[in-house]
Amino acid sequence: EKLEKVRVALPGVNCGACGYSGCDAYAKALCDGEQDAAKCPVGGKDTAVRLAGILGLAPPSFIPQVAYVHCQGTEDHTKKRYTYSGTISCAAAQGLFSGPNSCTYGCIGFGDCVAVCPYQAIYLSGGIAHIDSKRCKACGLCVATCPKNLIKIIPRHYNAYSVTCRNKWPGAQTRKNCTVGCIGCARCYKACPSGAITMEGPLAVIDQLLCTHCNKCLEVCPTHAILRGLPQAAGPDGRPTRSQAADDPVSPTPPLKSVM
């Protein structure tokens, strides 16, 4: 009876974001002693609280999450290296010299992630994928699908700061292939007062657990590789709107237990 109640409380998407093979497996694990009732990002806080009530667990600490595409290499910022005439699939194009775009680390833009998203949260604009954070449930299917490993699950903070780039070329090479790529100048790394930014070779990476959203990295980035806010639906010009506004208050992130 308890197993059935737990199963009904779960959304039934079977995405595997909880770390189990599906909702049935997570439900069974919870009934067998799994203590974390907050592993379902799709169900969200309400589901976590409901599960805790059924199982007699303490109210869980739930961290809302969202998928984020770490690339802004649109047609305005990159160029084509060759004309691709194969199967219209990112996975297929990746096998041919890493795709036709000038940045071989960037989004190919053929929409494999769009096809796999069950929430219609992903759309193409400017030749790359964008995720509407209002629709995204952080199920992780797009993360597993992207052949470039550009999509990551991050905390759903309206004021999030992200280095929206994953290339690891030297700066001079990056400038030739993308006008908004991270060039590894380390200005953001030096400016960050909280130690949230590290350098992975020539690529700056922001630790969402440590970022206090102070804006200092945004002020010093020479290529605008760092963006503030989460993408939302496309605006009238077809470009994604973002979840922040110029007059948004900058508030520290609350303590985070863990991030997928």
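Keep in mind that what you see is a predicted model, and the values were worked out from it rather than measured.
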field: Joint hydrophobic cluster, Met199 plus Leu203, side-chain heavy atoms closer than 4.5 Å
entry: yes
- request: Mark yes when over 12 heavy atoms from residues, nucleotides or ligands other than Tyr189 sit less than 6.0 Å from its OH; otherwise mark no.
  value: no
query: With no hydrogens and no angle check, is any side-chain donor or acceptor of Asn101 less than 3.5 Å from a backbone partner on Cys103?
result: no
query: Going through the distances and angles, do Leu230 and Arg242 end up as a side chain to side chain contact (heavy atoms under 4.5 Å, CB included)?
result: CA-CA 5 Å; Leu230 299 173; Arg242 300 190 80 81; 5.9 Å; no
query: Are any of the side-chain heavy atoms of Cys107 and Leu150 separated by less than 4.5 Å?
result: yes
- request: Begin from the C-alpha positions of Val143 and Tyr68 and carry the test side chain to side chain contact (heavy atoms under 4.5 Å, CB included) through to its verdict.
  value: CA-CA 9 Å; Val143 177; Tyr68 188 92; over 6 Å; no
Backbone N/O of Cys178 and side chain of Thr78: donor-acceptor pair under 3.5 Å: no
- prompt: Linking I/L/V/M/F/W/Y whenever any side-chain heavy atoms sit under 4.5 Å apart, do Tyr123 and Ile128 land together?
  reply: no
message: Are the side chains of Pro147 and Cys90 in contact, using a 4.5 Å heavy-atom criterion?
response: yes
field: side chain to side chain contact (heavy atoms under 4.5 Å, CB included) evaluation trace for Ile54 with Lys2
entry: CA-CA 7 Å; Ile54 295 171; Lys2 181 184 287 188; 4.2 Å; yes
- prompt: Below 4.5 Å, heavy atoms only, C-beta onward: do Cys15 and Val42 meet side chain to side chain?
  reply: yes
message: For a 4.5 angstrom cut-off between non-hydrogen side-chain atoms, does Leu51 reach Leu10?
response: yes
Lys45, NZ atom: more than 12 neighbouring heavy atoms under 6.0 Å: no
Test log, rule salt bridge (Lys or Arg N to Asp or Glu O under 4.0 Å), inputs Asp76 and Arg239: CA-CA 12 Å; Asp76 296 335; Arg239 300 173 186 271; 2.8 Å; yes
task: For Cys182 and Pro202, work out which heavy atoms get closest and say how close.
output: SG-O, 3.7 Å
- request: Could you tell me whether Glu75 and Lys80 make a salt bridge, using a distance below 4.0 angstrom between a side-chain N and a carboxylate O?
  value: no
statement: Tightest non-hydrogen contact, residues Cys139 and Ala17, listed as O-CB, 3.1 Å
message: If hydrophobic clusters are built by linking Ile, Leu, Val, Met, Phe, Trp and Tyr wherever their side-chain heavy atoms come under 4.5 Å apart, do Leu124 and Ile88 end up in the same one?
response: no
query: Can you check whether Ile122's main-chain N or O pairs, donor with acceptor, with Tyr119's side chain at less than 3.5 Å?
result: no
message: To check you understand the geometry: which heavy-atom pair defines the closest contact between Pro100 and Ala93, and what is its length?
response: CD-CB, 4.5 Å
- request: For Arg156 and Gln65, indicate whether the former's side chain and the latter's backbone hold a donor-acceptor pair under 3.5 Å.
  value: yes
task: Check whether any side-chain N or O of His130 sits under 3.5 Å from a backbone N or O of Gln232 as a donor-acceptor pair, and report yes or no.
output: no
- request: Mark yes or no for whether Ser102, through its side chain, and Asn177, through its backbone, hold a donor-acceptor pair below 3.5 Å.
  value: yes
- prompt: Aromatic rings Tyr161 and His213: how do their planes relate, parallel, tilted or perpendicular, breaks at 30° and 60°?
  reply: parallel
- line: What one should report as the nearest heavy-atom pair of Ile151 and Cys113 is CD1-CB, 4.1 Å
message: Could you check whether any side-chain N or O of Glu200 sits under 3.5 Å from a backbone N or O of Thr198, counting only pairs where one atom can act as donor and the other as acceptor?
response: no
message: Any non-hydrogen side-chain atom of Ile183 less than 4.5 Å from a side-chain atom of Pro222?
response: yes
- request: Test Thr174 against Asn167 for side chain to side chain donor-acceptor pair (under 3.5 Å), laying out the working first.
  value: CA-CA 8 Å; Thr174 298; Asn167 101 81; 3.0 Å; yes
- prompt: So, the side chain of Lys148 versus the backbone of Thr104: is there a donor-acceptor pair under 3.5 Å, distance only?
  reply: yes
- request: Find out if a path of hydrophobic residues (ILVMFWY) with successive side-chain heavy-atom gaps under 4.5 Å connects Ile226 to Val205.
  value: yes
- request: Take Asp24 and Lys28 through the salt bridge (Lys or Arg N to Asp or Glu O under 4.0 Å) test and state the conclusion after the steps.
  value: CA-CA 6 Å; Asp24 285 343; Lys28 186 176 186 305; over 6 Å; no
- request: For His70 and Thr164, run side chain to side chain donor-acceptor pair (under 3.5 Å): C-alpha distance rounded to whole Å, both residues' side-chain angles, the deciding distance at 0.1 Å, then the answer.
  value: CA-CA 4 Å; His70 288 268; Thr164 311; 5.5 Å; no
- prompt: So do Phe110 and Ser89 actually touch side chain to side chain, heavy atoms under 4.5 Å?
  reply: no
message: Which heavy atom of Leu210 sits nearest to which heavy atom of Gly195, and what is that distance?
response: CD1-O, 3.6 Å
- prompt: Is there a donor-acceptor contact under 3.5 Å from the side chain of Arg228 to the main chain of Asn215?
  reply: no
query: In terms of side-chain geometry, is the basic nitrogen of Asp46 or Arg50 positioned less than 4.0 Å from the acidic oxygen of its partner?
result: no
message: With a 4.5 Å cut-off on side-chain heavy atoms, are Lys216 and Pro193 touching?
response: yes
task: Identify whether Ile197 and Val220 are in the same connected component of the hydrophobic contact network (ILVMFWY, side-chain heavy atoms under 4.5 Å).
output: no
task: Flag the pair Thr179 / Thr223 as yes when at least one side-chain heavy-atom distance between them is below 4.5 Å, and no otherwise.
output: no
- request: For the pair Arg7 and Tyr26, evaluate side chain to side chain contact (heavy atoms under 4.5 Å, CB included) and give the outcome as yes or no after the intermediate values.
  value: CA-CA 8 Å; Arg7 182 62 187 83; Tyr26 184 35; over 6 Å; no
task: Identify the two heavy atoms, one from Gln208 and one from Ala160, that lie closest to each other, and give their separation to 0.1 Å.
output: OE1-CB, 4.3 Å
- prompt: Taking the side chain from Ser133 and the backbone from Pro231, do they hold a donor-acceptor pair closer than 3.5 Å?
  reply: yes
